[in-house]
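Single-structure report; data block below.
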Amino acid sequence: MRNVCHVSVLLNHTDGRATILIAMYNEEKMNKALRTFDWPAVVTLLPEQTLESLRKLLSDVSRSGCLIRMYPLCAEQDELRTKMIEDIKSLCAQFGGPKATRYFEFLLRQVEIVELALAEIDSTFDQDDYAALTAEQQAWSVLLWAAREMLDVHRQMQTGLDNHRKDESVIIDPLTLRVDKEHGYGLGAGRVHQLSQTVANTLRMLCHRNPCDSSGKFTLPPKVETNESNLSAASRIFRLGDVWQDVVDESKYHRFWGGYFDVQEPDEEQKNILPSLENVIVSVKTESERKDEVQIAEYIAFNRMQRKQFIVFQEISRSNAKDRVKNPRVEAVALAPNELVSELEMATLYILDKVMFFNPIKNTTTFGGLTIVEWLRGYCVLERCYASNIPELSDGITQIDVGEFESTLQRAGLASSKAKKFLDRVTFQAGRRDLYDAPLLRTTDGQLFFLSALYRGADIALIISSQIGSQKLNVDSKGKAFEKEALKMFVDAGLVAKSFKFSIGSTQYDCDVALLWDRHLFIFECKNYGLPTDDPADRFFFWNRQVEAMQQVERIAKDLTEHPEIIRQHFGDGITWDKIHAVVLNASFLSFVQSRNGTFFYDASALGRFLKEGTLNEIHSLPVEGKREEVSVVVKRLWKGSRPTPLDLLRELGHPSQVTMEKDKYYIARMILPLSSTSAVVFQEAASKPPDFQPLLTSEEMKRLRQKVSKHHALHTSKAAVSRRRRK
């Protein structure tokens, strides 16, 4: 089982024909033909039947997962599938020989194991009382249970914010708001996200048992009343929904990143956990295939983004943004920034502009039919008008009148055609990972429902980024905006940096930013890619783009090393440098370890913090004279001296403090998830440790900080009194 060949070894040489093949090969049409088992169409789409085309075909067969029967096929489809398998075997034997044949046999074995795991889940589902419920009761009990859980989490998070302990310093951090319940412990923000994924996973599982319509939209059965017994059954079946998605995702991870499933007998440890186990399906991946450091870097980036948005929202709440807020339910509201539907819209606009570099106000390009500001307005209308004031006794699921919703969107600044486009785009459908960017659900009787419990405090900036990314849309202008902002950061810090184009032979290159600093030459390749979803394919293509950026900046650094006259054209004839450093600079909060070739991966937020403040801080809410004061506390200095140096920057590039301070909060977990009473799936993944809620400041440090703040407060009060006397 371990000595299988990978599709990449089918070709041990390449020539110009392989390049031509890729240019001619229509992957989208091919995947459609494979999923419908249309072998004549597959043959037609192959530019030519050669080893090169076989390699591409097998890659698509593997990555598409077309041979995995997620649900029982009709007799005609099953026959077409069987015939296509035989035709591929014949093609492998003809053009790929024994290696290709063995690889395809390996793929078929993986398909069998995945189907075995899904069949075990189906068996467990069928044995539960939940299976006896009608399709309507199954679907609506799932939604209602999830919505109630979300509302309960929001209530607990609000309690955590409201009930600061009177005599202690509290770190203002949205990621440390705990949820303590009889059915599980966790962090509030993570729990809501988990529930969003879980309800989507369970709905997808139900969709495969009761397939959705041919349009691809996920259509719910008509709404019915559910009782506590139904909800209790739903809480049990949620576990199966998550396990079902874990099996599907792990299989997809293998097909893109590497690894495979193997059926084994349970070991002693596994038997102790699940005594009735008879077999386990083990996900086998090498350390390099697991890419643990990559996944941890993603987690840290998402957490930093959430913290940044929390801080921005706090600052916006103290501004005069509320003076521009109007209610689109009853009056016309111009698009942001001139008028707003909520303070959340202003905070999100700031994030999209200053953090994500989407340039939303000036960028009039449409993505999926709407500009970025229109996407922002649509989502903020949903949050403001349908989620912000959920009644106390609400179940967290709101029925929406389509006509009234479209009218509200039009009063909010969207043309009628764009209001309809937005409505279509945010309706849940096949392929969605969760309900954040598509929170509306249609029923077969034409009703529309909104999971409003999910949108209390929703992260709309990431939702917009996900919505654009899910449609395979590239925001070219945001890359240019980011390059300009990166250059400006260095210039504002008093450093010498340039952006320029240059040519080597007939090839032209863009040097996004070159920084000459004390005989160190830094070359920055600026990339503004949104962070990926947790879909294995999305993550795979995201990290491929990171590798492409690394290769690009290494080429530029090499060419500039070989042609120093290009640098002197822009920096002056007399300049010299000892070493050149290649850096991929991400607009997202993504920094991670240095590559084996020496290329650094850093992010704009970390760079801005390094150049401007030179410290990492935490905001503490501190009790002072009966009131709470927010105080910024330095937890790490980024400069050795009073000013930054290139050596300080190199130290941070090699080991970004924002990452090193967080990475110890993660570990590699070995997961064992029951599929049935006798079988389980086992895999490894990066997971977060339970948070440490001990205060960072000792009692003595807290006492000194309180005294310092009290003195500052008294001094400020005294100066204000003197000023008042002078005015009198």
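In what follows, every heavy atom counts, from backbone to side chain, and hydrogens, waters and symmetry copies are set aside.
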* Asked: At their closest point, which heavy atom of G96 faces which heavy atom of L51, and how far apart are they?
  -> CA-CD1, 4.0 Å
* Please identify each residue that fulfils side-chain hydrogen bond (donor to acceptor under 3.5 Å, both in side chains) with Q684, with sequence neighbours left out. => R290
* **Pairs touching residues 117-127 that satisfy salt bridge (charged side-chain N to carboxylate O under 4.0 Å, His left out), sequence neighbours left out** => D122-R209, D126-R209
* Is there a side-chain contact between R255 and S251 (heavy atoms, below 4.5 Å)? -> yes
* Given L108 and K89, is the side chain to side chain contact (heavy atoms under 4.5 Å, CB included) satisfied, shown in steps? -> CA-CA 11 Å; L108 292 177; K89 285 181 179 178; 3.7 Å; yes
* **Lys/Arg-Asp/Glu bridge criterion (N-O < 4.0 Å) met for K271, D267** => no
* To do: Give a yes or no answer on whether the side chain of S123 reaches the backbone of A119 with a donor-acceptor pair at less than 3.5 Å.
  => no
* Any salt bridge between D534 and R539, counting N to O under 4.0 Å? -> no
* Should N303 and E298 count as side-chain neighbours, where that means a heavy-atom distance under 4.5 Å? -> no
* **Polar side-chain atom of N26 near backbone of K29 as donor-acceptor pair, under 3.5 Å** => yes
* Asked: According to the interplanar angle, ranging from 0 to 90°, do the rings of Y253 and W257 count as parallel (below 30°), tilted (30 to 60°) or perpendicular (above 60°)?
  -> parallel
* **L274 and its side chain to side chain contact (heavy atoms under 4.5 Å, CB included) partner, picked from I672, L673, V280** => I672
* Asked: Hey, does I121 have a side-chain heavy atom less than 4.5 Å from the side chain of M205?
  -> yes
* To do: Classify the angle between the aromatic ring planes of F482 and F357 as parallel (below 30°), tilted (30 to 60°) or perpendicular (above 60°).
  => tilted
* So does E269 pair up with R670, basic N to acidic O under 4.0 Å? -> yes
* How close do F106 and G259 get, heavy atom to heavy atom, and via which atoms? -> CZ-O, 4.4 Å
* Asked: With side chains defined as the heavy atoms from C-beta onward, is the minimum distance between E554 and S595 less than 4.5 Å?
  -> yes
* **Working for side chain to side chain contact (heavy atoms under 4.5 Å, CB included), residues V42 and D87** => CA-CA 10 Å; V42 170; D87 288 331; over 6 Å; no
* Might you work through the salt bridge (Lys or Arg N to Asp or Glu O under 4.0 Å) test for K665 and E662, ending with a clear yes or no? => CA-CA 6 Å; K665 298 177 182 178; E662 292 280 324; 3.1 Å; yes
* Asked: What pairs with R69 under salt bridge (Lys or Arg N to Asp or Glu O under 4.0 Å), at least two apart in sequence or on another chain?
  -> D78, E115
* Do the side chain of S679 and the main chain of L675 share a donor and acceptor less than 3.5 angstrom apart? -> no
* Any sub-3.5 Å donor-acceptor pair from N528's side-chain atoms to M356's backbone N or O? -> yes
* Structure fact -> Residue set satisfying salt bridge (Lys or Arg N to Asp or Glu O under 4.0 Å) with K32, at least two apart, ordered chain then number -> none
Side-chain donor-acceptor pairs of residues 582-591 under 3.5 Å, sequence neighbours excluded:
residue : atom : partner : partner atom : Å
N586    : OD1  : Q546    : NE2          : 2.8
N586    : ND2  : Q546    : OE1          : 3.3
N586    : ND2  : L590    : O            : 3.3
S591    : OG   : D603    : N            : 3.1
S591    : OG   : D603    : OD2          : 2.5

* To do: For this output row, return yes or no: ring centroids of W543 and Y529 closer than 6.0 angstrom.
  => no
* To do: Give a yes or no on whether a salt bridge exists between R545 and E548, defined as a side-chain N under 4.0 angstrom from a carboxylate O.
  => no
* Asked: Counting N and O atoms only, with roles assigned by atom type, does the side chain of N279 sit under 3.5 Å from a partner on the main chain of Q264, one being a donor and the other an acceptor?
  -> no
* Check the pair K83 / E86 against salt bridge (Lys or Arg N to Asp or Glu O under 4.0 Å), numbers first and verdict last. => CA-CA 5 Å; K83 184 178 183 306; E86 294 304 315; over 6 Å; no
* Close side-chain approach of D60 and E27, heavy atoms under 4.5 Å -> yes
* Structure fact -> The ring pair (Phe, Tyr, Trp, His ring centres under 6.0 Å) partners of F95 (sequence neighbours excluded) come to none
* Asked: Does S677 offer a backbone N or O that forms a donor-acceptor pair with the side chain of S276 under 3.5 Å?
  -> yes
* Asked: Among all residues two or more places apart in sequence or in another chain, which pass the ring pair (Phe, Tyr, Trp, His ring centres under 6.0 Å) test with F524?
  -> F490
* F104/I88 under side chain to side chain contact (heavy atoms under 4.5 Å, CB included): CA gap, chis, key distance, verdict -> CA-CA 8 Å; F104 188 57; I88 295 175; 3.6 Å; yes
* Applying ring pair (Phe, Tyr, Trp, His ring centres under 6.0 Å), name anything that partners F37, two or more places apart in sequence or on another chain. => none
* **Closest approach of P674 to V243 (non-hydrogen atoms, all atoms of both residues)** => O-CG1, 3.9 Å
* To do: State whether a side-chain donor-acceptor pair under 3.5 Å links E105 with T101.
  => no
* Do T599 and Q594 pass the side chain to side chain contact (heavy atoms under 4.5 Å, CB included) test, and can you show the C-alpha distance, the side-chain angles, and the key distance before you say yes or no? -> CA-CA 6 Å; T599 300; Q594 189 176 4; 6.0 Å; no
* Might you confirm whether atom CD of E79 has over 12 heavy atoms from other residues, nucleotides or ligands at distances under 6.0 Å? => no
* Structure fact -> In terms of heavy-atom contacts, V593 and F601 come closest through O-CD1, 3.7 Å
* Asked: So, does Q467 use its side chain to make a donor-acceptor pair with the main chain of D437 at under 3.5 Å?
  -> yes
* **Distance-only donor-acceptor check, side chains D459 and Q309, under 3.5 Å** => yes
* Asked: With a 4.5 Å heavy-atom cut-off, do I237 and L206 have their side chains touching?
  -> no
* Set of residues satisfying ring pair (Phe, Tyr, Trp, His ring centres under 6.0 Å) with respect to F238, sequence neighbours excluded -> W145
* Aromatic ring pairing F256/F541, orientation class (parallel under 30°, perpendicular over 60°, tilted between) -> perpendicular
* Structure fact -> Residues at least two apart in sequence or cross-chain that pass side-chain hydrogen bond (donor to acceptor under 3.5 Å, both in side chains) with R555, listed by chain then number, are Q552
* To do: Return the set of residues passing side-chain hydrogen bond (donor to acceptor under 3.5 Å, both in side chains) with Y130 (not counting sequence neighbours), or none when no residue passes.
  => none
* Asked: Do L143 and L203 touch side chain to side chain, with heavy atoms closer than 4.5 Å?
  -> yes
* To do: Look only at the side chain of R81 and the backbone of L67, and say whether a donor-acceptor pair between them is shorter than 3.5 Å.
  => yes
* S62 side chain near Q110 side chain, heavy-atom distance below 4.5 Å -> no
* **Those residues that, when tested against S657, pass side-chain hydrogen bond (donor to acceptor under 3.5 Å, both in side chains) (two or more places apart)** => K636, E652
* Applying salt bridge (Lys or Arg N to Asp or Glu O under 4.0 Å), run through E250 and K252 and close with a yes or a no. => CA-CA 5 Å; E250 196 70 5; K252 196 171 187 178; over 6 Å; no
* For the pair W244 and H208, name the ring-plane relationship: parallel under 30°, tilted 30 to 60°, perpendicular over 60°. => tilted
